[in-house]
Enquirer: 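The following block contains the structure, expressed as structure tokens.
In what follows, residues are counted from 1 in the order of the sequence shown. All values reported here derive from a predicted model rather than from experimental measurement. When a ligand or atom number is given, it counts from 1 through the structure's own listing order.
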Amino acid sequence: MLNFSFKNSTQIHFGEGQIKALSQAIPKESKVLVTYGGGSIKSNGVYDQVVDVLSEHTWFEFSGIEPNPKYETLMKAQDLIRQHDIDFLLAVGGGSVVDGTKFIAAAALFEGEDPWDFISKGQPINQALPIGCVLTLPATGSESNANSVVTRDGNKLPFQSPLVQPLFAVLDPSVTLSLSDRQISNGVIDAFVHIMEQYLTYSVNGKVQDRFAEGLLQTLIEEGPKALVAETKNDLDVRGNIMWAATMALNGLIGAGVPQDWSTHMIGHELTGAYGIDHARTLSIVLPAVMKVCAKEKREKLLQYAERIWNLTEGDDDSRISRATELTEQFFKTMQVPTRLSQVDLGETEIDGLIEKLTQHGMVKLGEQSIITPEVSREILMAAL
Ligand code: NZQ
Ligand code: ZN
């Protein structure tokens, strides 16, 4: 196992009715800005619950944070923050609202010229407003990690700082009942791929990390499809297990002390940046291709994955690996997401542009061994046609 330091500082309030925890979790003297998206929280009753619970707080609101949040939208919150001396942000929504709020939090106290610089130029984030969140879509893990992804002019780029990690996250599975099938699927796939990118690398004998990762993968394979069929989709245990699995998938625990490979995400971000494809649907297209093109480097872990996740113990190594890849794709199909570029109307002619963007964004040495050069990314995209 590799050396690591691990801490996850986000307090989780899990379970039905936990939105009430907000009244104690946010200091009473705070001036709170409640941030949210396009209005789903108004139609499913989450907004009303938050309003009730904040009755003793001074609060304001900022809405309109879109999926794949945009720099221009997020910068609009800055005036409100200054005008009302906001000193606490409460994000209520999915990963986009939480990510967007992280950017708002850091931008509010940024002393340089343009807050985009901490993304494009890697300028350090020295301070940020404190954040809490009510998560409404289990997927990204953003509710208890230090990461955020923001888009400006078609450039979708990540940044991270411990200063923007939420102080607390309310995970109430009942608020996920209003999600569309598409968003449920997206969430399960996003979480699944987060786990795979911290697991499917090379072995460092991190037994705890491997077994946790395998347990989370199995949970998503078992529970994900149940959230799409009428008989079980409103079962709060199903929703709760998916929600907790998605949080655990990217809260730092399974990634501590093991190599990681974020190539699927980085290639996927270009597909969203250029063509607006849902985040998870880029991942379901790219991951199977990464499994094929990088099968040699990932051989040992692929065999472990084949045996422990799909019970494949017969046949030679190559056939078990290709069967495990097939079963992964089959799971993605059960979850109703695309697994090929052609299914989202993209073909070979788009690949040059995507490779150019990856290169422009410095994504030229991806993968756990930094050997996924633009040429290898091209092979991956070709394998995804
Ligand atoms: O905007 P509203 O009206 O709230 O509607 C949203 C949005 O249209 C809707 N929604 C959310 N909760 C709902 C609901 N609809 C009904 N009922 C509910 N309870 O769902 C739509 C999608 O929301 P979004 O927040 O965009 O989805 P998700 O949580 O999948 O977030 C995706 C974003 O997170 C980034 C992605 O790149 C993408 O920008 N990621 C962030 C990561 C992180 N911070 O660690 C890691 C991930 O890999 C990912 O990159
Ligand atoms: Zn993701």
Enquirer: Using a strict 4.0 Å threshold on nitrogen-to-oxygen distance, state whether D190 and R281 make a salt bridge.
Expert: no
Enquirer: Looking at ligand 1, would N186 count as a contact under a 4.0 Å heavy-atom criterion?
Expert: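 So N186 does not count as touching ligand 1.
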Enquirer: Geometry only, no angles: is V149 polar-contacting ligand 1 at N/O separations under 3.5 Å?
Expert: no
Enquirer: With no hydrogens and no angle check, just 3.5 Å: does a side-chain donor-acceptor pair link E66 and T73?
Expert: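 Distance-only check passes for E66 and T73.
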Enquirer: Have a look at ligand 1 and work out which part of T151, if any, has a heavy atom under 4.0 Å from it: side chain, backbone, both or neither.
Expert: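 Looking at T151 and ligand 1, no heavy atom falls under 4.0 Å.
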Enquirer: At a non-hydrogen distance cut-off of under 4.0 Å, which region of N147 contacts ligand 1 (side chain, backbone, both, or neither)?
Expert: both
Enquirer: Can you give the angle H194 NE2 - the Zn ion (ligand 2) - H265 NE2, rounded to 10°?
Expert: 90°
Enquirer: Using a 3.5 Å cut-off on N or O atoms only, is H265 in polar contact with ligand 1?
Expert: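 Yes, H265 has an N/O under 3.5 Å of an N/O on ligand 1.
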Enquirer: What atoms of ligand 1 come within less than 4.0 Å of a heavy atom belonging to P67?
Expert: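 Listed by number with element, the hits are 7 (C), 8 (O), 26 (O).
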Enquirer: Can you name the closest pair of heavy atoms from V150 and K70 and give their distance?
Expert: CG1-C, 4.3 Å
Enquirer: By number and element, which atoms of ligand 1 are closer than 4.0 Å to a non-hydrogen atom of D190?
Expert: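 With D190 as reference, the close atoms of ligand 1 come out as 47 (C), 48 (O).
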Enquirer: Going by atom types only, do Q260 and W262 share a side-chain donor-acceptor pair under 3.5 Å?
Expert: yes
Enquirer: Step by step, work out the ring pair (Phe, Tyr, Trp, His ring centres under 6.0 Å) result for H269 and H361.
Expert: CA-CA 11 Å; H269 286 172; H361 294 149; 9.8 Å; no
Enquirer: Report yes if K102 has an N/O atom closer than 3.5 Å to an N/O atom of ligand 1; otherwise report no.
Expert: no
Enquirer: Please round to the nearest 0.5 Å and tell me the distance separating atom CG of L250 and atom CG of N145.
Expert: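 Going from the CG atom of L250 to the CG atom of N145 covers 5.0 Å.
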Enquirer: Any chance you could measure Q343, atom CD, to K333, atom NZ, to the nearest 0.5 Å?
Expert: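 The CD atom of Q343 sits 7.0 Å away from the NZ atom of K333.
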Enquirer: Is the contact between D99 and ligand 1 made by the side chain, the backbone, both, or neither, using heavy atoms and a 4.0 Å cut-off?
Expert: side chain
Enquirer: K156 to ligand 1: N or O pair under 3.5 Å?
Expert: yes
Enquirer: Are any of the N/O atoms on G141, whether in the backbone or the side chain, positioned under 3.5 angstrom from an N/O atom of ligand 1?
Expert: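 Min N/O separation from ligand 1 is not below 3.5 Å for G141.
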Enquirer: If you measure from each heavy atom of I41 to ligand 1, is any distance below 4.0 Å?
Expert: no
Enquirer: What part of L250, side chain from CB on, backbone N/CA/C/O, both or neither, has a heavy atom under 4.0 Å from ligand 1?
Expert: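 Answer for L250: side chain.
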Enquirer: I need the E214 CD to E307 CD distance, nearest 0.5 Å.
Expert: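 Answer for the CD-CD pair, E214 versus E307, is 9.5 Å.
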Enquirer: Run the numbers for me: atoms of ligand 1, each under 4.0 Å from some heavy atom of G37, listed by number.
Expert: 1 (O)
Enquirer: Less than 3.5 Å between some nitrogen or oxygen of G38 and one of ligand 1, yes or no?
Expert: yes
Enquirer: If you count the atoms of ligand 1 from 1 in the order shown, which ones are under 4.0 Å from a heavy atom of S142?
Expert: 43 (C), 44 (N)
Enquirer: Classify the side-chain pair N8/Q165 by whether it contains a donor and acceptor separated by less than 3.5 Å.
Expert: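 Side-chain D/A pair, N8 to Q165: present.
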Enquirer: Is the ring centre of F331 less than 6.0 Å from the ring centre of F192?
Expert: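 Under 6.0 Å, so yes.
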